[in-house]
*Asks:* 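Pasting a structure here, questions to come.
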Amino acid sequence: FEHGEVDILCNVQKTPEREQRYLYSCIPFGYDYSIIYAHPDSAIYYEDFEAMKGKTVGLISIGIHTQAYLEYAEKMELDSKIVYFDLEDEMIDAILNGEIDMAVTGSIYNRTDMKAVGRFGTNPYYIVMQKNNSDLMEELNEAMQHIKVEKPEIEASLAQKYYGDTQISSNPLFTKEEQQYIRSRGPITVR
C-alpha cells in the first residue's frame with residue numbers, strides 16, 4: 001500500500017497521523033469493539049474490575065485499541081502493567097502461555113480460544129487510499145452512499161459472510177454474579 005502496489009485498504013481506523021497520510025471514505029464501512037480477553041481458565045469474569053486491577057495486559061504497539069484501552073484503564077482505575085507486542089499472534093500466544101493476564105484486540109475476529117472479560121468503545125473503520133487518489137475516492141464515496149441507501153444491511157451481511165459470528169455477537173457475556181445466579185437457579189420454564 002505504501003509503495004502504490006495496492007490502491008485500496010479496507011477496515012482501517014482513523015487516527016490523526018493516518019488522516020495526514022491517507023484519504024478516508026466519507027462514511028465508515030463498519031464498526032468493532034475493543035475487547036479485553038483472558039485465558040479461558042482465568043478467574044477473571046466479564047466486567048470483574050476488581051480482579052482486573054494490577055494485571056498484566058498485552059497491547060499492540062501501534063493500534064486504535066491500545067489508546068482506547070489506556071483511556072479505559074485510567075477511567076476504571078485498573079492500574080495495569082502493560083506489555084507491548086508488534087503482532088497480535090505473539091500477544092495471543094503470550095496470554096495462552098500465561099505470560100500475560102489479559103490482551104486487548106478488536107472484536108471483528110472470533111477468538112474462541114480465549115474468554116472475553118471486557119468490552120468498550122465503538123470503533124468505526126473506513127476504506128482508505130493514497131492522497132493522490134482523490135478521483136477514485138470520490139467515486140467510492142458516491143457508490144458507498146448509494147449502497148447504504150439501497151441495501152442498508154450490507155455491512156452486517158459482509159461481516160457475517162467473511163468473519164462469521166464473534167464471541168461478542170454469539171455468546172452472552174455474563175458477570176461473575178450473573179453466572180453464579182444462572183448456576184444456582186437451574187432451568188427456567190418459559191411459556
Side-chain angles (χ1 to χ4, degrees), residues 1-2 4-38 45-47 59-60 62-73 75-76 87-89 91-92 102-175 178 182 188 190-191:
F1 185 73
E2 295 290 331
E5 295 141 1
V6 175
D7 293 314
I8 299 171
L9 282 182
C10 299
N11 298 4
V12 177
Q13 284 139 340
K14 265 188 197 180
T15 66
E17 300 80 26
R18 289 177 185 165
E19 282 188 285
Q20 296 294 316
R21 298 171 58 196
Y22 308 120
L23 294 174
Y24 276 79
S25 56
C26 65
I27 54 178
F29 192 66
Y31 296 86
D32 77 344
Y33 292 109
S34 295
I35 303 296
I36 305 170
Y37 288 105
Y45 289 84
Y46 182 68
E47 292 189 349
L59 299 173
I60 299 298
I62 301 171
I64 196 83
H65 303 293
T66 296
Q67 186 57 41
Y69 177 78
L70 295 173
E71 292 167 11
Y72 178 79
K75 177 183 167 189
M76 303 311 288
L87 301 172
E88 187 173 312
D89 288 343
M91 182 175 67
I92 300 310
M102 299 183 299
V104 178
T105 187
S107 64
I108 200 162
Y109 299 105
N110 192 6
R111 301 277 1 163
T112 57
D113 52 348
M114 293 186 295
K115 173 170 61 169
V117 297
R119 173 181 73 179
F120 58 94
T122 304
N123 310 302
Y125 52 83
Y126 299 83
I127 295 174
V128 298
M129 296 180 194
Q130 297 293 342
K131 290 274 189 182
N132 63 356
N133 266 342
S134 58
D135 290 344
L136 181 59
M137 181 58 83
E138 191 175 312
E139 288 180 49
L140 180 112
N141 281 330
E142 190 173 317
M144 284 180 66
Q145 290 169 350
H146 285 292
I147 290 169
K148 286 280 205 175
V149 170
E150 294 174 20
K151 195 169 175 132
E153 74 286 348
I154 189 80
E155 290 169 22
S157 64
L158 288 173
Q160 180 63 38
K161 179 178 180 178
Y162 292 104
Y163 298 107
D165 288 330
T166 66
Q167 200 176 122
I168 303 307
S169 67
S170 62
N171 298 324
L173 300 175
F174 295 118
T175 65
E178 290 167 337
I182 291 167
I188 298 173
V190 178
R191 289 183 184 223

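Remember, predicted model here, so these are calculated numbers, not experimental data. When reading the values below, keep in mind they use all heavy atoms of this one structure, side chains included, and skip hydrogens, waters and symmetry mates.
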*Asks:* How many angstroms lie between OG in Ser134 and CG in Leu140, if you round to the nearest 0.5 Å?
*Replies:*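 If we round to the nearest 0.5 Å, Ser134:OG and Leu140:CG are 12.5 Å apart.
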
*Asks:* Could you tell me which non-hydrogen atom of Cys26 sits nearest to which non-hydrogen atom of Gln145, and how far apart they are?
*Replies:*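 Looks like SG-NE2, 3.2 Å.
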
*Asks:* Going through the checks in order, is the side-chain contact (heavy atoms from CB on, under 4.5 Å) test met by Val12 and Arg18?
*Replies:* CA-CA 9 Å; Val12 177; Arg18 289 177 185 165; 3.9 Å; yes

*Asks:* Using the ring pair (Phe, Tyr, Trp, His ring centres under 6.0 Å) criterion, which residues pair with Tyr22? Sequence neighbours excluded.
*Replies:*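 Counting only residues at least two positions away or on another chain, Tyr22 forms a ring pair (Phe, Tyr, Trp, His ring centres under 6.0 Å) with Phe1.
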
*Asks:* For Ile147, give me all partners under side-chain contact (heavy atoms from CB on, under 4.5 Å), at least two apart in sequence or on another chain.
*Replies:*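 Applying side-chain contact (heavy atoms from CB on, under 4.5 Å) to Ile147 gives Ile154.
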
*Asks:* Taking atom OH of Tyr37 and atom CG of Asp113, what is their separation to the nearest 0.5 Å?
*Replies:*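 Result: 8.5 Å between the selected atoms.
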
*Asks:* Among Tyr24, Phe29, Tyr31, find the residue that satisfies the ring pair (Phe, Tyr, Trp, His ring centres under 6.0 Å) test when tested with Tyr126.
*Replies:*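 By the ring pair (Phe, Tyr, Trp, His ring centres under 6.0 Å) criterion, Tyr126 pairs with just one of Tyr24, Phe29, Tyr31: Tyr24.
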
*Asks:* Can you find a pair of side-chain heavy atoms, one from Ile60 and one from His65, that are under 4.5 Å apart?
*Replies:*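 Not touching, per the 4.5 Å side-chain cut-off.
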
*Asks:* Could you tell me whether the side chain of Thr105 reaches within less than 4.5 Å of the side chain of Met91, counting heavy atoms only?
*Replies:*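 Yes, at least one pair of side-chain atoms sits under 4.5 Å.
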
*Asks:* How close do Tyr69 and Val104 get, heavy atom to heavy atom, and via which atoms?
*Replies:*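 Residues Tyr69 and Val104, closest heavy atoms: CD1-CG2, 3.6 Å.
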
*Asks:* Can you check whether Ser25 reaches Met144 side chain to side chain, under 4.5 Å on heavy atoms?
*Replies:*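 SC-SC contact between Ser25 and Met144 confirmed.
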
*Asks:* Check Ile35 against Gly106 and note the closest heavy-atom contact, atom names and distance.
*Replies:*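 Looking at all heavy atoms of both residues, the closest pair is CG1-C, 4.3 Å.
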
*Asks:* Mind checking the NZ-CE spacing from Lys131 to Met137? Nearest 0.5 Å is all I need.
*Replies:*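 The NZ atom of Lys131 sits 10.0 Å away from the CE atom of Met137.
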
*Asks:* Enter the distance from Asn132:CG to Leu23:CG here, rounded to the nearest 0.5 Å.
*Replies:*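 Rounded to the nearest 0.5 Å, the CG-CG separation comes out at 8.0 Å.
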
*Asks:* Enter the distance from Asp135:CG to Met129:CE here, rounded to the nearest 0.5 Å.
*Replies:*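 One finds 10.5 Å between CG of Asp135 and CE of Met129.
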
*Asks:* Is Lys151 atom NZ crowded by more than 12 heavy atoms from other residues, nucleotides or ligands, each under 6.0 Å away?
*Replies:*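 12 or below, so no.
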
*Asks:* Take the angle between the ring planes of Phe120 and Tyr72 and call it parallel below 30°, perpendicular above 60°, tilted in between.
*Replies:*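 Correct class here is parallel.
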
*Asks:* Cationic tip of Lys115 within the cone over Tyr45's six-membered ring, i.e. under 6.0 Å and within 45° of the normal?
*Replies:*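 Yes, Lys115 and Tyr45 form such a contact.
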
*Asks:* Any side-chain heavy atom of Leu70 within less than 4.5 Å of one from Leu59?
*Replies:*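 A side-chain contact under 4.5 Å exists here.
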
*Asks:* Should we say atom CD of Glu19 is surrounded by more than 12 heavy atoms from elsewhere, each under 6.0 Å from it?
*Replies:*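 Atom CD in Glu19 is packed in, count exceeds 12.
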
*Asks:* Taking the side chain as every heavy atom from C-beta outward, state whether Pro28 and Lys14 have any pair of such atoms under 4.5 Å apart.
*Replies:*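 Heavy-atom side-chain distance check fails, nothing below 4.5 Å.
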
